[in-house]
Amino acid sequence: MTTSARTDGTSSPGSTAAGTRPRLLLIDGHSMAYRAFFALPDTLVTSSGQVTNAVYGFFSMLTNLLRDEQPTHLAVAFDAGRVTFRTERFAAYKGNRDATPEVFRGQVPLIKEVLEALRVPALQRDGIEADDILATLARQGTEAGMDVLVCSGDRDSLQLVNDDVTVLYPKKGVSELARMTPEAVEAKYKVRPERYPDLAALVGETSDNLPGVPGVGPGVAAKWITQFGDLDSLLERRAEVTGKRGEALREHVDQVRLNRELNALLTDVELPLGVQDLALVGFDREAVHTVSDTLQFGALRDRLLAVDPAASDAEEDVVSAGVALALHQGALADFFAEHAGRVLGLDVSGTGGPGRADAWQVAVATDSADGSASAVVVDLTTVATDDERALASWLADDASSKVVHGAKVAWHLLAARGLDLDLGGVVCDTGLAAYLCYPDQRGYDLADLVVRHLHRELTVQEASAQGSLDLELAEGPPAGTEAAHRAVAVADLAEALAGRLDDRGARGLLDDVEMPLAGVLVRMEDAGIAADTGFLTELERGFADAVADSAAEAYAVIGREVNLGSPKQLQEVLFEQLGMPKTKKIKTGYTTDAASLQDLFTKTQHPFLAHLLAHRDAAKLRTTVEGLLKAVQPDGRIHTTFQQTIAATGRLSSTDPNLQNIPIRTESGRRIRRAFRVGAGNETLLTADYSQIEMRIMAHLSGDEGLIAAFRSGEDLHRYVGSRVFDVEPAEVTAEMRAKVKAMSYGLAYGLSAFGLSQQLGIATGEAQGLMDDYFTRFGGVRDYLAGVVEEARATGYTATILGRRRYLPDLTSDNRQRRQMAERMALNAPIQGSAADIIKLAMLGVQRELDERGLASRLLLQVHDELVVEVAPGEREAAEEVLRTKMGAAYALEVPLDVSVGAGETWHDAGH
DNA sequence: TCGTTGACGTA
DNA sequence: CGTACGTCAACGAG
C-alpha cells in the first residue's frame with residue numbers, strides 16, 4: 001500500500017491539495033478517552049495486565065479522524081488540576097462526579113506517550129479545563145484563516161460552532177461522531193450556537209452538577225431565548241414571563257446567572273504553543289512501533305501508520321524516486337564479476353526447517369545507497385549449470401561478503417538444494433542485528449524492519465486497483481521482483497542498523513558471539529539427535545493406558561464423564577458438583593492448576609483429585625511423546641530449530657520440537673529421555689552442565705564476599721548458605737533448612753517477594769520475611785547489588801550482562817505500579833539469566849572451535865540453557881570430555897570457578913547425572 | 001479457521 | 001504477589 005486515492009483525489013472532502021485552507025483539529029483528550037473507556041470492554045488488556053481500552057479507543061477514533069478529515073494541524077488538550085476557576089466560583093461544580101476509575105487514570109499517561117510518538121502536541125494547564133484550551137485555539141485558528149474542527153464530548157463546546165468551526169460530538173461510543181455545524185445545532189436545539197450557553201444555563205447541566213430552572217427543559221428555554229433575543233434580555237424582562245415557569249425563573253435568577261458564567265469557555269488562555277505550532281509534521285515511526293509493541297497494538301498499529309501524514313509523501317517517493325531496480329535474470333557470473341568486492345544482499349525463498357527445507361529462488365542485490373540498485377534473481381528449480389556453479393562458489397566463498405536476514409534459515413534452505421552457504425562470509429545478519437538492538441520485540445520480520453528503518457514499504461507496488469486492462473499491467477512485475485527488493489532491502493538495512501548497533505554497544509556481541517554462534521547452531525540443527533521410535537511408541541502406549549485408567553477412575557468417582565482436559569468443565573465438577581473450596585481466582589473463574597489441586601487434595605482427600613492429577617500427568621507426557629514421534633525424520637533423528645532471536649534475555653529457545661523442555665523431574669517423565677540415543681556408529685552421548693551457574697553469576701556480579709567464599713570453599717552451596725543464615729555448623733543444616741535457602745537463593749534472582757517465598761515454601765509471610773532478612777544480613781553484598789541493579793537500570797534505561805547485552809526496560813519509570821514492578825523483576829533477572837546465556841554461548845563457540853581444531857568428529861547436538869549434549873565419535877570419549885570440561889570451564893573468567901559436571905551414556909537419560 | 005487461554009514441561 | 005521460554009487442548013469469535 002503506497003499509493004492512495006487521496007493523492008490525486010482533489011474532490012475528496014479531506015483533500016490537502018494546495019489552495020485549500022489549513023484544517024485545525026482540536027480534541028478534548030479526557031472526554032474522548034473517557035468515552036472510549038466506557039465504550040470498550042476492559043478485557044482489552046496487554047499480557048502484562050495493562051488495560052488499554054481507553055488508549056485503544058482513543059487512537060482508533062483519532063485514526064479515523066486523520067483519515068476522514070485530513071487535518072493539517074492537530075492538538076489534544078487535557079484537563080489538569082482538580083481546582084479550576086469554576087470550582088473556586090462554585091464549590092459544587094462537577095461535585096457530583098464519581099472519582100475517575102484508577103484503570104482509566106492509568107491510561108492517560110499512555111495516551112500522551114502515543115501522542116508524543118505521533119508528534120502531536122498534548123496541551124494542558126493547571127486549573128484550566130481542556131475545553132477552555134480548545135476554545136482558545138479555536139479562536140486563534142479562525143483568526144488565522146483555518147477551518148476548525150473541535151472534537152469533544154462536552155456540550156459546552158457547542159458555543160464555539162460557527163461558519164468556520166464545527167464540533168464533532170460523539171453520538172455513541174467514539175466511532176460515530178455528529179457533525180455539529182451551525183445548522184445542525186439550530187436543528188437540534190432551536191437556537192443559534194452562540195445562544196447555546198444561554199439555553200444550557202436555563203436548563204442546567206446535570207453532569208456538571210449545575211441545577212437549572214425547575215420545569216424548564218430545552219424546548220421552553222429555546223422558546224424564551226427566541227422570544228427575548230438572548231439570556232440577558234430574558235432576565236431583564238423576566239417579569240413578563242407568565243405562569244408557573246415564570247415564577248420558577250424569577251426564583252432561580254442567581255443560579256441561572258452563575259450557570260451562564262460557568263459555562264462560558266475561556267478564549268484567552270495563555271498557551272505555550274500557537275496554532276502555527278500545531279502543524280502535523282509526521283509520526284516518529286520508530287516510536288510508534290515501540291509504543292505499539294508495549295501496548296500490543298495489532299491492527300491499530302498498521303491503521304495508525306497508514307494515516308501518518310508524512311508517509312504519503314515519503315511513499316510517493318518510493319514509487320517515483322525510490323529504489324530504481326535493474327533486475328537481471330541469471331547470468332550470475334557476470335553479476336558477481338561486475339560487483340566484485342562489494343557487500344551484497346542475499347535473499348533465499350523457501351520453506352521448512354532443518355532437514356525438511358526446500359528453496360526455489362535466490363536473489364542477490366547491491367544496496368541502493370546511491371539511489372539505485374542492481375539485482376539478479378535465479379530460479380533454483382530451473383537454474384542453468386553455469387549459473388548454479390557461479391552461485392555455489394559465491395555462496396561458499398567466505399571472502400565474498402554478503403548480508404542476510406536470518407542466515408541460519410538461509411543455510412538450511414540452500415543446503416536442501418545442495419548449496420553450501422559459508423556463514424563466515426556473512427558480514428551481517430540483519431535479523432540478529434535487530435534482535436540485539438531491540439531484544440524485547442516480538443518478531444524481526446524483514447518487511448517491518450524496512451518500514452521502520454528505511455522508511456519504505458517492501459511489498460512491490462500494486463498497479464492501481466481499478467487498473468486498466470492494459471496488458472502490461474495484467475502481466476505484473478517480472479518474476480523475482482519481490483525477492484530482488486528483499487535482497488536490496490537487506491543490504492540497505494545492514495547499513496541502517498550499523499549505527500544503531502554502535503549506539504547500543506552491540507557490535508561486538510553480533511560479530512563475536514551471535515553470528516559465529518549461528519554457524520554452530522546450524523551444525524547442531526543439521527546433525528539432529530537420534531530417536532528410538534520403537535521405545536517412543538512403547539512409551540506412548542503406556543501413557544495412553546494410564547490416561548484411560550485414571551479417566552475411568554475419575555468418572556467412577558463423580559458418576560459421569562466429563563472432559564478432564566477442559567478447565568471449564570473441571571470448575572463445574574469441583575466447585576459446583578463437589579462443592580469444594582474455591583481456589584485462586586483467574587479470568588475465567590477459579591484455577592485448576594496442579595498446585596491448587598494438590599492443595600485441595602490435602603484439604604478434602606477427595607479421590608477424584610488424585611485421579612485427575614494422575615490423568616493430567618499422563619496426558620501431558622503422552623502428548624509430549626506424540627509430538628516427538630511426529631518429529632522423527634527419515635534419518636531417524638529429531639532436528640530441532642534453535643531460535644536465536646526470541647528470548648529477550650539472550651537465551652536460545654528450541655522449537656519444532658522443543659527439546660529444551662523434555663521432562664526430567666519425575667521418573668515417569670524422565671523415561672522419555674531414554675528415547676534420545678547415541679546415533680549408530682558413534683560411541684556415546686556426553687552431557688555437560690554448569691552447576692549453579694546463575695548463583696555463581698550472582699556471586700560474581702554482587703561481589704558478595706560470603707557468597708564468593710561459599711563457591712571457593714567447594715562446600716555444597718545451599719548447605720554453606722544455610723549454615724550462615726541459620727547460624728549453625730554446615731553439618732547441622734537440615735534438609736528442610738537447605739530447601740528453604742535454596743528456594744530463596746534462586747527466588748532472589750527472579751525478584752521474589754516475601755509473599756511469593758511463603759507461598760512456595762508453605763510458611764507464613766512473616767517467617768519468609770524473617771528468612772529474607774537473615775539472608776540479607778549475612779549476604780549484604782547481594783542485597784546491595786539487587787538494589788543497585790534496579791536503580792542503575794532506571795537511570796540508564798537498560799540492564800546489561802557481562803558481555804554488554806542490553807535489555808531496555810522503559811516501564812521502570814511507569815506510573816503504573818503493576819507494570820513498574822514487573823519491569824523491576826525483569827531488571828533483577830535479566831543480567832543474571834542473560835550473563836548465563838552469554839557464558840554458555842561463549843562455551844559453545846569454544847567447544848566447536850576446539851573440536852574442529854583437534855579434528856574430532858564428535859559433535860554438539862543440543863543446548864539446554866546450562867547444559868550441552870555431545871555425540872561422541874568412536875574413540876573420542878576422553879578427548880570430547882576434555883574439550884567440554886576445559887572450554888566450558890574457561891568460557892568466561894568469573895570471580896568464582898565455573899563448575900562443570902559431565903556424564904556419559906547410551907541415552908540422554910543415562911548420560912544425565 | 002484463527003487467536004486466545006489455561007495448564008505445564010524445562011532452565 | 002518469581003524470570004525466561006514452547007506446546008497442547010479447549011474454546012469462542014470469525
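Chain identifiers are assigned alphabetically (A, B, ...) following the order of the sequence lines, protein sequences preceding nucleic acid strands; residue numbering begins at 1 within each chain. Note that the structure is a prediction, hence the values are computed from the model and not measured.
Between A/Tyr798 and A/Tyr808, the ring-plane angle classifies as tilted under the 30° and 60° cut-offs. Aromatic ring pairs are classed by plane angle as parallel below 30°, tilted from 30° to 60° and perpendicular above 60°; the pair A/Phe59 and A/Phe297 is tilted.
Residues forming a side-chain hydrogen bond (donor to acceptor under 3.5 Å, both in side chains) with A/His289 (at least two apart in sequence, or on another chain): A/Arg301. Every side-chain hydrogen bond (donor to acceptor under 3.5 Å, both in side chains) that A/Arg670 has, sequence neighbours left out, goes to A/Glu667. Residues passing the side chain to side chain contact (heavy atoms under 4.5 Å, CB included) test with A/Asp899 are A/Ser691, A/Arg696, sequence neighbours excluded. For A/Arg504, the side-chain hydrogen bond (donor to acceptor under 3.5 Å, both in side chains) criterion is met by no residue, not counting sequence neighbours. Residues meeting the side-chain hydrogen bond (donor to acceptor under 3.5 Å, both in side chains) test with A/Thr52, sequence neighbours left out: none.
Nearer to the 5' terminus of DNA chain C, by closest-nucleotide assignment, is the contact made by A/Arg825 (compared with the other of A/Arg825 and A/Gln643).
Atoms CG (A/Leu574) and C1' (B/dA7) sit 14 Å apart, rounded to a whole Å. Here the P atom of nucleotide B/dG6 and the CG atom of A/Asn563 are 16 Å apart, to the nearest Å. Rounded to whole angstrom, the span from the CD1 atom of A/Ile586 across to the C1' atom of B/dT4 amounts to 13 Å. Rounded to an integer number of Å, the gap from CG of A/Leu613 to P of B/dG9 is 11 Å.
When A/Thr645, A/Asp429, A/Leu436, A/Leu521 are each tested for a side chain to side chain contact (heavy atoms under 4.5 Å, CB included) with A/Glu514, only one passes: A/Leu436.
In this structure, A/Ile664 and A/Arg673 have side chains that are in contact, with non-hydrogen atoms separated by less than 4.5 Å. Taking the side chain as every heavy atom from C-beta outward, A/Ile672 and A/Trp908 never approach each other to under 4.5 Å. Counting only heavy atoms from C-beta outward, the side chains of A/Thr907 and A/Phe535 never approach each other to under 4.5 Å.
No more than 12 heavy-atom neighbours from other residues, nucleotides or ligands sit within 6.0 angstrom of CD on A/Glu792.
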### Message
Please determine whether side-chain hydrogen bond (donor to acceptor under 3.5 Å, both in side chains) holds for the pair A/Asp838 and A/Ser835, giving the CA-CA distance in whole Å, both sets of side-chain angles, and the decisive distance to 0.1 Å.
### Response
CA-CA 5 Å; A/Asp838 288 347; A/Ser835 296; 4.8 Å; no

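If you walk DNA chain C from 5' to 3' and mark each nucleotide with an atom closer than 4.0 Å to a heavy atom of chain A, the marks span C/dC1 to C/dG12.
A salt bridge links A/Arg651 to A/Glu694: one of the charged nitrogens lies within less than 4.0 Å of a carboxylate oxygen. A/Glu824 and A/Arg817 are not joined by a salt bridge, as no carboxylate oxygen comes within less than 4.0 angstrom of a charged side-chain nitrogen. Using a cutoff of 4.0 Å between basic side-chain nitrogens and carboxylate oxygens, A/Glu736 and A/Lys740 are scored as salt-bridged. For A/Asp440 and A/Arg807, the salt-bridge test passes: some basic side-chain N is under 4.0 Å from an acidic carboxylate O.
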Listing, residues 741-750 of chain A side-chain donor-acceptor contacts under 3.5 Å, not counting sequence neighbours, or none:
| residue | atom | partner | partner atom | Å |
| --- | --- | --- | --- | --- |
| A/Ser745 | OG | A/Val741 | O | 3.1 |
| A/Ser745 | OG | A/Tyr775 | OH | 3.3 |

### Pair assignment for DNA chain B - dot-bracket with | for other-strand partners, Watson-Crick or G-U under 3.5 Å
|||||||||||

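Heavy atoms of A/Ala754 sit nowhere under 4.0 angstrom from any nucleic acid atom. Heavy atoms of A/Arg651 sit under 4.0 angstrom from at least one base atom. Residue contacts for A/Met744: at a heavy-atom cut-off of 4.0 Å it reaches no nucleic acid atom on any strand shown. Here A/Leu828 lies out of heavy-atom contact (under 4.0 Å) with every strand.
For DNA chain C, the neighbouring residues in residues 614-631 of chain A, judged by any heavy atom under 4.0 Å, are A/Lys620, A/Thr623. Heavy-atom distances under 4.0 Å link DNA chain B to A/Gln660, A/Asn661, A/Ile662, A/Pro663, A/Ile664, A/Arg665 of residues 659-673 of chain A, given in residue order. Contacts of residues 755-767 of chain A with DNA chain C (heavy atom under 4.0 Å): A/Phe755, A/Gly756, A/Gln760. A heavy atom lying under 4.0 Å from DNA chain B marks the following residues of residues 591-604 of chain A, by number: A/Thr591, A/Thr592, A/Asp593, A/Ala594.
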